[in-house]
Amino acid sequence: MPTTPQPDPAALDTAPHTRPDRATTRALRDADPALRAAYRLCRRITRRHDPAIYALVQLMPSVLRPACWALWAAVTALDDLADAADVAPAERAARVETWTRALGHDLAAGTSTDPVRYALVDMAGRWRLDLTSLQGAMAQTRDDAHGLRFADWAAWRAWCNKEVVPWVEQVRHLFEQAGAPMTLRLDRQADYERFVDGAQLTDVLTDLSTDLAQGLLLLPQEALESFPGAETDLLQGRWSPPVAALITELTALARRRVTRPAMTRGMHPGAAIVLDAAAGLMRAQLDAIEAAGPTLLQRAPRPSLLTRLRVLAPARLRSSLAWSLTPLTVPGPRRPAATANLLSPVVDDTGLRPPPPHLSGARPPQIDADRMPAHVAVIMDGNGRWAEQHNLQRSEGHRAGTAAVREIVYGALEIGLRHLTLYAFSTENWKRDAEEITAILAILQSELDEAPLRDLNVRQRWAGWPDKLPEDLVDSLRREEHRTRARTGLTLTVCINYGGRDEITRTAAALAQAARDGDVDPHLVGEDDFIRHLPHPDMPDVDLLWRTGNEQRTSNFLPWHATYAELYFTPGYWPDMDRRDLWKAITEYSRRQRRHGAVPGPVASRETTACLLTPELPARH
Ligand code: FPP
């Protein structure tokens, strides 16, 4: 255990009403008095700053509450530093930065002299949480200190995603670690994002008076411009017809966003009760905002105690029943300080290893950074023909193909590729005979069970849809995706039950739903809106599309992402490929000239050069 300093007792509020409650006592049996006091302080901060959040935390299992208080107290501490009215913006930003850096050191040391950070460090170690994802949120809070302007809803949402979502995600991880996952069905991701958006909008409307007092108006210009005069009136603290109309519109929008009955379907009942109660409280808050009228510009409205009780009392009853029926994992003792540097890219307890070298000792070629593809996608063709060539069953060809997959992943890591996407099973592959389908799916399952990439710096993802796939396979894919989510090396996306047209159709449907919900204006839909509704919005365009097996087709593979991809077709069968073939493909790509529809200049950069099937042909688009 660390011998580093303990929190300064003077910093801890030791007022008599802060005696530990049952939850704290039970969850922190092994904690020293300073740590218990730190958690009690976090609890008090949560209750004082946000009674609604405090009430929601009370709906969680008692073992999880101290960790939630620590998270909320940390958010509050950072917000207070960023919002301090009497301090210059640069100084406020510097204070947030100092706090964030101190947390990094504290996490490495396993303790802190600051009570809120001490509780945060403890809960991260106790629940094996990776706090890396909070770095971006903290940086955003630091930047907020300089004031905020949003041109449109997209910019506003990006802010919300960066600043709020990582904290919410930590709560989701907590539930998972406790064995009661707040699992979201893959097709409910958009619902979840809107829900978080709605929560943030409710918060902004609630705090309108406080923000305006500081000259802040945290709403997008796009929304303000629809009500001419509203912005000036608001900034001058004047309640006028355009302000009233704006508030009515935004309240209705927030209400639609937080009302997502399908979002909690299939979730653990305890987690669903917490989220449903959160939605209920937010709707009550929005009622209070609507009823406030001009007083909204003077103070934050609050729903009455009775209204809150109507939401919370039944939720308390139902949640205690749900949790009493759920065996939860209670965390073991804290992780020792030596492995607790959670702001560094440590991925898991076992650490990561580099890929094994190629048997021949071959090393990757040096490719200039501006000539490296960011994303290589591969159609692994020729398994069946390879098997025939070797007088084997087709399934043996697929099995041999897995060795090539490992090799290509090793090669991708060695050459420093960021994204590799593999076409393993298409929506059209269901037309094959049942025996072959079963064999391919069984091979994929055994690869996941064996997990040969487990200790590599690879973030594994799955593209495709669960319908028709075996449940165990879907569970394993999701588990692997979750386990490796914080890895920073290669992003490996395996496409299983994937079809490009299917992806586009579903994305269009999600966009249509967003338009129906009023989240997107159909007259202004652009490519960015489409990308935001793709299953993996962060997947970059494919730079190089490689197909083995002597066929020259793209076969419904990544049609959205591969529009400008360089195409590369090779004759060999997939099982015969190894990392040197990937390096050859990348070397070939690095020599091609890409123009993306523009006229080539004498020294064209990758961003301005065009796509050619072969370098000799003129670009035709
Ligand atoms: C195409 O060859 C290949 C497939 C449909 C399956 C690919 C699957 C694997 C390589 C399994 C391992 C994958 C991972 C990600 C571990 P084909 O059957 O169409 O060959 P043919 O054209 O010669 O008949």
Side-chain angles (χ1 to χ4, degrees), residues 355 375-413 417 419-454 456 458-464 468-470 472-474 476-481 483-484 490-500 502 536 539 545-558 569-579 581-582:
H375 186 183
V376 175
V378 188
I379 303 177
M380 310 179 284
D381 200 7
N383 290 349
R385 280 166 287 161
W386 180 92
E388 277 163 32
Q389 202 179 51
H390 292 80
N391 289 323
L392 296 166
Q393 301 274 335
R394 289 179 63 83
S395 58
E396 290 308 313
H398 299 309
R399 204 174 307 283
T402 60
V405 167
R406 294 178 195 186
E407 256 297 302
I408 298 302
V409 170
Y410 298 154
L413 282 164
L417 184 66
H419 288 263
L420 175 68
T421 301
L422 303 177
Y423 207 5
F425 190 87
S426 72
T427 42
E428 289 69 36
N429 286 151
W430 294 108
K431 293 182 204 148
R432 297 191 175 201
D433 72 48
E435 202 182 328
E436 183 172 353
I437 294 173
T438 311
I440 295 178
L441 298 179
I443 288 167
L444 289 168
Q445 180 69 59
S446 79
E447 274 298 285
L448 285 158
D449 295 342
E450 213 182 300
L453 312 177
R454 181 184 296 276
L456 301 174
V458 177
R459 177 170 70 134
Q460 293 186 54
R461 297 204 300 193
W462 163 44
K468 295 214 272 185
L469 288 177
D472 283 354
L473 180 61
V474 171
S476 306
L477 288 164
R478 286 187 173 143
R479 202 171 32 247
E480 216 45 26
E481 198 163 67
R483 195 180 63 77
T484 61
L490 173 75
T491 294
L492 171 68
T493 307
V494 181
C495 300
I496 300 173
N497 196 22
Y498 171 90
D502 183 53
H536 292 297
M539 179 186 276
L545 176 57
W546 172 25
R547 181 174 191 146
T548 59
N550 213 18
E551 303 286 354
Q552 306 204 346
R553 290 186 295 279
T554 57
S555 301
N556 202 17
F557 186 37
L558 300 172
F569 301 115
T570 54
Y573 298 143
W574 177 250
D576 287 330
M577 299 299 117
D578 73 20
R579 69 188 89 179
D581 297 291
L582 174 73

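First listed ligand is number 1; within each ligand, the first listed atom is number 1.
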Asks: Salt-bridge test for E480 and R483: reply yes if a basic N is under 4.0 Å from a carboxylate O, no otherwise.
Replies: yes
Asks: Non-hydrogen atoms of G549 versus ligand 1: any pair closer than 4.0 Å?
Replies: no
Asks: Give the residue, atom name and distance (to 0.1 Å) of the protein heavy atom nearest atom 10 (C) of ligand 1.
Replies: N383 ND2, 3.4 Å
Asks: Can you tell which of R399, R454, R406 makes a salt bridge (Lys or Arg N to Asp or Glu O under 4.0 Å) with E447?
Replies: R406
Asks: Got the closest protein heavy atom to atom 1 (C) of ligand 1, with its distance?
Replies: M380 O, 3.2 Å
Asks: Do me a favour and list the nearest non-hydrogen protein atom to atom 12 (C) of ligand 1 with residue, atom name and distance?
Replies: T402 CG2, 3.4 Å
Asks: Identify the closest protein heavy atom to atom 24 (O) of ligand 1: which residue and atom is it, and at what distance?
Replies: R394 NH2, 2.9 Å
Asks: Could you tell me the residue and atom name of the protein heavy atom closest to atom 22 (O) of ligand 1, and the distance to it rounded to 0.1 Å?
Replies: D381 OD1, 2.9 Å
Asks: Go through ligand 1 atom by atom and flag the ones less than 4.0 Å from a non-hydrogen atom of N429.
Replies: 5 (C)
Asks: Below 4.0 Å, non-hydrogen atoms only: which portion of E447 touches ligand 1? Side chain, backbone, both or neither.
Replies: side chain
Asks: Given R547, R432, R406, R399, which has its nearest heavy atom closest to atom 18 (O) of ligand 1?
Replies: R432
Asks: Quick check on side chain to side chain donor-acceptor pair (under 3.5 Å): which of Q460, H536, R459, R461 does T491 satisfy it with?
Replies: R459
Asks: With a 4.0 Å cut-off, would you call E407 and R579 a salt bridge?
Replies: yes
Asks: Of the non-hydrogen atoms in Y498 and A463, which two are nearest, and what is the gap between them?
Replies: CB-O, 3.7 Å
Asks: Could you tell me which atoms of ligand 1, counted from 1 in the order shown, lie closer than 4.0 angstrom to a heavy atom of A424?
Replies: 4 (C), 5 (C), 6 (C), 7 (C), 8 (C)
Asks: Looking only at N/O atoms, are G384 and ligand 1 under 3.5 Å apart anywhere?
Replies: yes
Asks: What is the minimum heavy-atom distance between Y423 and E428, and which atoms define it?
Replies: OH-OE1, 4.1 Å
Asks: Does R394 pair with E435 as a salt bridge, N-O distance under 4.0 Å?
Replies: no
Asks: What protein heavy atom sits nearest atom 13 (C) of ligand 1, and how far off is it?
Replies: L444 CD2, 3.6 Å
Asks: For E551, which part has a heavy atom under 4.0 Å from ligand 1: side chain, backbone, both, or neither?
Replies: neither
Asks: In the structure I gave you, are the side-chain heavy atoms of L558 and M539 within less than 4.5 Å of one another anywhere?
Replies: yes
Asks: Below 4.5 Å, heavy atoms only, C-beta onward: do V409 and L492 meet side chain to side chain?
Replies: yes
Asks: Which ligand 1 atoms does V494 reach within 4.0 Å, using its non-hydrogen atoms?
Replies: 15 (C)
